[in-house]
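Because the structure is predicted, anything quoted here is derived from the model rather than measured.
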Amino acid sequence: MTENIWSYPTSSGHTPDVDLTGYKVEATDGQIGKVDKHSNDVGSQYIVVDTGVWIFGKEVLLPAGTITGIDPEAKTIQVARTKEQIKDAPEFDKNKHLGDSAYHDQVGTHYRSHEQPGGPGFGPTGRGGLV
């Protein structure tokens, strides 16, 4: 469990020195794409997923707090959200949204609204760590 949706949960198996680029990403109900980019910046950790044809070649940004597991041998990442929840997230444009704090707030709010108590990104306040 993490109090910050922008940090990898300790139980995720994340290792800062591993390059996640190219890893397959699996939602709770199936594969959504591959990691195109990732950030290990403290307090702003995320993966950018190229969805291919799944949602018409879009990229989506997933906060690290949504990740439930990383398997370096299989090169897969599991996230605690459904395909529909990910598809409904605010659209990501790497030319506009990387480093944009307002966009990060919008994405964080979206993913927190789909949390399950006790799941990744769900803090002790009951609101994904928001106070």
Side-chain angles (χ1 to χ4, degrees):
M1 176 168 68
T2 180
E3 291 186 26
N4 182 351
I5 199 159
W6 296 104
S7 296
Y8 288 95
T10 54
S11 61
S12 71
H14 176 257
T15 306
D17 57 338
V18 173
D19 182 3
L20 301 175
T21 305
Y23 277 47
K24 292 178 185 174
V25 181
E26 299 173 355
T28 58
D29 55 353
Q31 185 173 333
I32 61 167
K34 292 186 177 184
V35 176
D36 184 48
K37 176 180 176 32
H38 63 98
S39 167
N40 286 323
D41 294 344
V42 175
S44 183
Q45 297 172 322
Y46 58 82
I47 59 174
V48 175
V49 180
D50 180 348
T51 63
V53 296
W54 173 55
I55 51 176
F56 310 110
K58 287 186 184 178
E59 290 187 323
V60 294
L61 187 137
L62 291 166
T66 64
I67 295 173
T68 57
I70 299 171
D71 183 341
E73 288 186 27
K75 294 195 178 253
T76 58
I77 296 173
Q78 293 77 39
V79 295
R81 300 299 184 273
T82 65
K83 289 173 142 183
E84 192 67 25
Q85 291 166 342
I86 294 165
K87 184 178 171 184
D88 290 344
E91 187 172 345
F92 174 72
D93 179 340
K94 64 183 169 192
N95 296 318
K96 293 192 302 189
H97 296 133
L98 288 178
D100 179 345
S101 61
Y103 175 74
H104 277 219
D105 289 345
Q106 185 181 14
V107 169
T109 298
H110 170 77
Y111 286 112
R112 283 185 193 100
S113 71
H114 296 289
E115 293 171 340
Q116 298 298 316
F122 196 88
T125 63
R127 297 180 300 185
L130 294 176
V131 181

With rounding to the nearest 0.5 Å, note down the distance linking CD in Gln78 to NZ in Lys24. 12.0 Å
Correct closest heavy-atom pair for Pro9 and Ala64 would be CD-O, 3.3 Å
Can you measure from NZ (Lys34) to OG1 (Thr51) and round to the nearest 0.5 angstrom? 13.0 Å
Distance (rounded to the nearest 0.5 Å) between Gln85 CD and Asp29 CG: 8.5 Å
Taking all non-hydrogen atoms of both residues into account, name the closest pair between Ser39 and Asp41 and its distance. OG-N, 3.1 Å
Those residues at least two apart in sequence (or on a different chain) that pass side-chain contact (heavy atoms from CB on, under 4.5 Å) with Thr28 are Thr82
Closest non-hydrogen atoms of Ile32 and Ala27, given as atom of the first, atom of the second and distance, are CG2-CB, 3.8 Å
List for me each residue that meets side chain to side chain donor-acceptor pair (under 3.5 Å) alongside Ser44, sequence neighbours excluded, and say none if there are none. none
When Ile47, Leu62, Val25, Leu20 are each screened for side-chain contact (heavy atoms from CB on, under 4.5 Å) with Ile67, the one that passes is Ile47
Can you list the steps and then say if Ile86 with Tyr111 is a side chain to side chain contact (heavy atoms under 4.5 Å, CB included)? CA-CA 8 Å; Ile86 294 165; Tyr111 286 112; 4.0 Å; yes
Starting at NZ of Lys94, measure out to NZ of Lys37 and round the result to the nearest 0.5 Å. 10.0 Å
Starting at CD1 of Ile5, measure out to NE2 of His110 and round the result to the nearest 0.5 Å. 9.5 Å
Which label fits Phe92 and His97: parallel for a plane angle under 30°, tilted from 30 to 60°, or perpendicular past 60°? tilted
How far does OH of Tyr46 sit from OG1 of Thr66, to the nearest 0.5 angstrom? 13.5 Å
Side chains of Tyr8 and Asn40: closer than 4.5 Å at any heavy-atom pair? yes
Indicate the atoms forming the closest heavy-atom contact of Ile70 with Tyr23, along with that distance. CG2-CE2, 3.9 Å
Could you tell me which residues satisfy side chain to side chain donor-acceptor pair (under 3.5 Å) with Asn95, sequence neighbours excluded, listed by chain and number? none
Indicate yes or no: at least one non-hydrogen side-chain atom of Trp6 is less than 4.5 angstrom from one of Gln45. no
